[in-house]
> 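Pasting a structure below so you can have a look.
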Amino acid sequence: MEDSNQTSSSRFILLGLTNIPHLQAIYVLLFFIVYITTLWGNSLLIIVVRINEQLQTPMYFFLRNLSIIDICFSSTIVPRIIINTLSRDRSVSLLDCALQMFFHLSVGGTECLILAVMAYDRYAAICQPLHYNTVMNKTFCICVATGSWTSASISAFIHVFFTFQLPYCRSHNLNHFFCEIPPILRLSCRDTWPNELAMYITAGIIAMCSFFFTLISYIHIISNILKIHSTDGRKKSFSTCTSHLTVVSLFYGTILFMYMRPHSAYSDRDKIVSVIYSAVIPMLNPIIYSMRNKDVKGTIRKRMNKHL
């Protein structure tokens, strides 16, 4: 094999999801529908929050951030899957691969942090309603959102930098449909333990800390809801959290499964996990939040009736 200097100028070949022609056609159609639905649903949610003055609250500020994240997340991965499946040339340059990995890690890390902040927002609204406007003030929300984007981007840059310092001389056939760290590390002919350790530390700081912060927030929320005597009061309080809990369970579950295991455990089944968190969840988020939200549905109905 070539040495590390020579391999640094080569390309990865993305093997994709399948080589069976009729399955490729089905996958392209499905991913196209998923992508259009993701763009349409999240864009609609952003517009609804923007035009309705009643939705100018911290919860919807972070929900709008989440929709932007989902559009970026899906746009980083899904178009490449479609192009790669339709094209005969499935190779990707190391620069393109590094850029895709950076944006994918950056928006993924930001979503972890934003979901944790949204859990804190629900905690403040339910457990400290009298101090809610003081705690979740505009300056705090903007600083937290900016900090989430910045810290996730810095973490992503560090990972990408050290990942592409490795020599890749075993093979350049990447058994995946986009450039993701676990399958790429399997191609290196050098010990990848330092990279794996950095991945575990980052996943521990961003994903696990966000998860436990969310968990602690919901422990306080549930204990506070149980103190409410009326059944209607309990249902009303808990209904404001069910959408967020659904999204958190789906996203944290798939992310932790993918990044908290040794890269040697990676298999073809993990492609399904990657599809779920990179394509399916960004599509489901606006649907989950809209279906259980009377304010969002009410705004959409009013606009539709007005135009009709």
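Just so you know, these numbers use all the heavy atoms, side chains as well, and skip hydrogens, waters and symmetry mates.
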> Are Ile33 and Tyr27 co-members of a hydrophobic cluster defined by side-chain heavy atoms under 4.5 Å apart?
no
> State, yes or no, whether a side-chain contact exists between Leu166 and Asn195 at a heavy-atom distance under 4.5 Å.
yes
> Verify, without hydrogens or angle tests, whether Asn42 (side chain) and Pro282 (backbone) share a donor-acceptor contact under 3.5 angstrom.
yes
> Out of curiosity, Arg90 CZ to Arg11 CZ, how far, rounded to the nearest 0.5 Å?
14.5 Å
> Establish, from distance only, whether the side-chain atoms of Ser93 and Asp96 form a donor-acceptor pair under 3.5 Å.
yes
> Could you tell me which non-hydrogen atom of Val34 sits nearest to which non-hydrogen atom of Ala279, and how far apart they are?
CG1-O, 3.4 Å
> Can you list the steps and then say if Ile221 with Tyr218 is a side chain to side chain contact (heavy atoms under 4.5 Å, CB included)?
CA-CA 5 Å; Ile221 289 169; Tyr218 273 105; 3.9 Å; yes
> For Asp121 and Tyr132, which I'm curious about, is there any donor-acceptor pair between the side chains at under 3.5 Å?
yes
> Does Gly16 offer a backbone N or O that forms a donor-acceptor pair with the side chain of Lys271 under 3.5 Å?
yes
> What distance separates Leu95 CG from Leu99 CG, expressed to the nearest 0.5 Å?
4.5 Å
> To the closest 0.5 Å, what do you measure between OG (Ser278) and CD1 (Ile81)?
5.5 Å
> Identify the two heavy atoms, one from His220 and one from Ser223, that lie closest to each other, and give their separation to 0.1 Å.
O-OG, 2.8 Å
> For the pair Glu180 (side chain) and His176 (backbone), establish whether a donor and an acceptor sit closer than 3.5 Å, ignoring hydrogens and angles.
no
> Do side-chain atoms of Arg190 reach the backbone of Pro167 as a donor and acceptor pair under 3.5 angstrom?
no
> Does one hydrophobic cluster hold both Met283 and Trp40, with members joined at side-chain heavy-atom distances below 4.5 Å?
yes
> Cluster question for you: counting only ILVMFWY and a side-chain heavy-atom cut-off of under 4.5 Å, with indirect links fine, are Val275 and Ile20 together?
yes
> Would you compute the distance between atom CE of Met101 and atom CD1 of Ile181 and round it to the nearest 0.5 angstrom?
5.0 Å
> When you look at Leu17 and Thr85, which way does the side chain to side chain contact (heavy atoms under 4.5 Å, CB included) test go after all the steps?
CA-CA 8 Å; Leu17 293 169; Thr85 305; 5.8 Å; no
> Relative to each other, are the rings of Phe12 and His172 parallel, tilted or perpendicular (30° and 60° limits)?
tilted
> Atom CD1 in Ile26, atom CG in Leu29: separation rounded to 0.5 Å?
8.5 Å
> Is there a continuous path of hydrophobic side-chain contacts, each under 4.5 Å between heavy atoms, that joins Ile142 to Ile114?
yes
> Within a strict 4.5 Å, meaning less than it, do heavy atoms of the Ile13 and Leu174 side chains meet?
no
> For Thr76 and Gln100, test the side chains for any donor-to-acceptor distance below 3.5 angstrom and give the result as yes or no.
no
> Are any non-hydrogen side-chain atoms of Arg64 and Tyr60 less than 4.5 angstrom apart?
no
> Ring-plane angle category for Tyr120 and Phe213, please: parallel below 30°, perpendicular beyond 60°, tilted otherwise.
tilted
> On a heavy-atom basis, which atom in Glu196 and which in Leu185 lie closest, and how many Å separate them?
CG-CD1, 4.0 Å
> Could you pull out all residues at least two apart from Ile201 that satisfy side chain to side chain contact (heavy atoms under 4.5 Å, CB included)?
Leu197, Ile205
> Using atom types as modelled and distance alone, determine if a side-chain donor or acceptor of Asn65 lies under 3.5 Å from a backbone N or O of Phe61.
yes
> If every non-hydrogen atom of Ala152 is compared with every non-hydrogen atom of Ser106, which pair is closest and at what distance?
CB-O, 3.3 Å
> Check whether any side-chain N or O of Glu111 sits under 3.5 Å from a backbone N or O of Ile69 as a donor-acceptor pair, and report yes or no.
no
> Does any part of the side chain of Trp149, heavy atoms only, come nearer than 4.5 Å to the side chain of Leu113, both counted from C-beta?
no
> Could you tell me whether a side-chain N or O of His244 sits under 3.5 Å from a main-chain N or O of Met118, the two making a donor and an acceptor?
no
> Parallel, tilted or perpendicular: which one describes the rings of His104 and Phe73, with boundaries at 30° and 60°?
tilted
> What's the spacing between Thr246 OG1 and Asn285 CG if we round to 0.5 Å?
10.0 Å
> Phe102 versus His159: any side-chain heavy-atom pair under 4.5 Å?
no
> Check whether any side-chain heavy atom of Ile206 sits under 4.5 Å from a side-chain heavy atom of Ser155, and report yes or no.
yes
> Which atom pair, heavy atoms only, marks the closest approach of Thr214 to Ala116?
OG1-CA, 3.4 Å
> Search all heavy atoms of Ile46 against all heavy atoms of Ser67 and return the closest pair with its distance.
CG1-CB, 3.6 Å
> Scan side-chain atoms only and decide if Asp89 and Ser87 contain a donor-acceptor pair under the 3.5 Å cut-off.
no
> Say whether, by atom type as modelled, one donor and one acceptor occur between the side chain of Ser74 and the main chain of Ile71 under 3.5 angstrom.
no
> Please examine the side chains of Asn84 and Phe177, heavy atoms only from C-beta on, and report whether any two atoms are closer than 4.5 Å.
no
> Are Phe32 and Leu39 connected in a single hydrophobic cluster, I mean Ile/Leu/Val/Met/Phe/Trp/Tyr linked by side-chain heavy atoms less than 4.5 Å apart?
yes
> Report yes if some heavy atom in the side chain of Tyr277 is under 4.5 Å from a heavy atom in the side chain of Leu250; otherwise report no.
no
> Using distance alone, with no hydrogens and no angle criterion, decide if Thr110 and Ser148 have a side-chain donor and acceptor under 3.5 Å apart.
no
> If only atom types and distance count, is the side chain of Asn137 paired as donor or acceptor with the main-chain N or O of Thr134 below 3.5 Å?
yes
> Quick one: do Met59 and Met136 satisfy side chain to side chain contact (heavy atoms under 4.5 Å, CB included)? Show the steps, please.
CA-CA 9 Å; Met59 182 180 80; Met136 301 298 295; over 6 Å; no
> Under the rule for ring pair (Phe, Tyr, Trp, His ring centres under 6.0 Å), what residues qualify as partners of Phe211, not counting sequence neighbours?
Tyr252
> For Asn224 and Ile126, indicate whether the former's side chain and the latter's backbone hold a donor-acceptor pair under 3.5 Å.
yes
> Checking Tyr35 against Ser75 for the side chain to side chain contact (heavy atoms under 4.5 Å, CB included) test, could you report, in this order, the C-alpha distance in whole Å, the side-chain angles of both residues, the deciding distance, and whether it holds?
CA-CA 8 Å; Tyr35 185 56; Ser75 298; 2.9 Å; yes
